[in-house]
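This report refers to the structure that appears directly beneath it.
Just so you know, ligand 1 is whichever comes first in the structure, and atom 1 is the first atom listed for that ligand. Keep in mind that the numbers below use all heavy atoms, side chains included, and drop hydrogens, waters and symmetry copies.
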Amino acid sequence: MKPQEITPLPTHIAFIMDGNGRWAKKRGLPRTAGHREGAKTLKKLLRDIEDLGIKYATFYAFSTENWKRSEDEVSTLMKLFEENLDDLVNYQSENVRLRFIGGRERLSEKLQKKMADAEEKSREKTGLTVTLAINYGGRDDIVRAAKRAAELSKDGFLDPSDITEDGFGRLLYTEDIPDVDLMIRTGGESRISNFLLWQISYAELWFTDTLWCDFGRRELEQALSDFAGRNRRYGDAK
Ligand code: IPE
Ligand code: IPE
Ligand code: MG
């Protein structure tokens, strides 16, 4: 399908990239092999997302709950983030802005530095904004924003009566990124798993049984076509 054939497109599309472990298990491989393959899917899909003309794409790579996994799986995932960041930084030569959301203090210094460098180098890019959620939790996001609001208020910079939805939204990790229009979850589960809770208040949701490693352009176009046919009422009676 040609990009111009799907309208309207979501401005912001978010992905819960689930099913890597099951993809590997089906092949008799360790879970970590699924994560390696999943990173390839992500990089391939970025080309399609750019080609289709979507402005913001956000990917759930590691949740605040994923620390419960084995040490081996967690350390492989962290290594993969480091390795793939290098590829993504090179990819940025093409007008892509890279952003990260989630708590960084629990990540290695090396990874934190790579993340800061990638953001710094791509700050001025005007094309697709790619946001990777690493050690991200929707509740954590809201609690941190609430703490910041309380501190600003305590220090005399913010009157509690001036707190608005827009203003509070700017205290979240996603500060300048618009709300999610379409959220896609692969891997067969129909849940949000603590992803962008505030930011999906009026997002359209799209679930597929396809495992993340098997997800590609054809299915993305299917999700976009479905999205284009939805009637977003925002509580109105239209
Ligand atoms: C998603 O795939 C990737 C991460 C959570 C990091 P999973 O690892 O959750 O794969 P399944 O759901 O166990 O198949
Ligand atoms: C959600 O997947 C987190 C990411 C994709 C990073 P999980 O596999 O952790 O979600 P649950 O545990 O099935 O809800
Ligand atoms: Mg999973």
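For ligand 2, one of its N or O atoms has an N or O atom of R69 under 3.5 Å away. Below 3.5 Å of separation, one finds no N or O of N66 facing any N or O of ligand 1.
Looking at W212, Y136, Y60 and measuring to atom 3 (C) of ligand 2, the nearest heavy atom belongs to Y60.
Side-chain atoms of R185 do not come within 3.5 Å of backbone N or O of D18 as any donor-acceptor pair.
A donor-acceptor pair shorter than 3.5 Å cannot be found between the side chains of W198 and D141.
Close contacts of ligand 2 with R185, meaning ligand atoms under 4.0 Å from a residue heavy atom, involve 2 (O), 10 (O), 11 (P), 13 (O), 14 (O). Per-residue contacts place F62 under 4.0 angstrom from the following atoms of ligand 2 (heavy atoms of the residue considered): 6 (C).
Neither the backbone nor the side chain of K68 comes within 4.0 Å of ligand 2, counting heavy atoms alone. Residue-level proximity to ligand 1 for K25 is absent, since no heavy atom of it falls below 4.0 angstrom. Contact annotation for A61 and ligand 2: only backbone heavy atoms (N, CA, C, O) come within less than 4.0 Å of the ligand.
The protein non-hydrogen atom at the shortest distance from atom 13 (O) of ligand 2 is R191 NH2, 2.8 Å. Protein heavy atom closest to atom 14 (O) of ligand 2, with residue, atom name and distance, is S193 OG, 2.6 Å. The protein heavy-atom contact nearest to atom 1 (C) of ligand 1 is M17 O, 2.9 Å.
Distances from atom 11 (P) of ligand 2 to the protein include at least one heavy-atom value under 4.0 Å.
Not a single heavy atom of R22 lies less than 4.0 angstrom from ligand 2.
Shortest non-hydrogen contact noted between R233 and K238 is CD-O, 3.3 Å.
Protein N/O/S atoms closer than 2.8 Å to the Mg ion (ligand 3), listed by chain and residue number, are D18 OD1.
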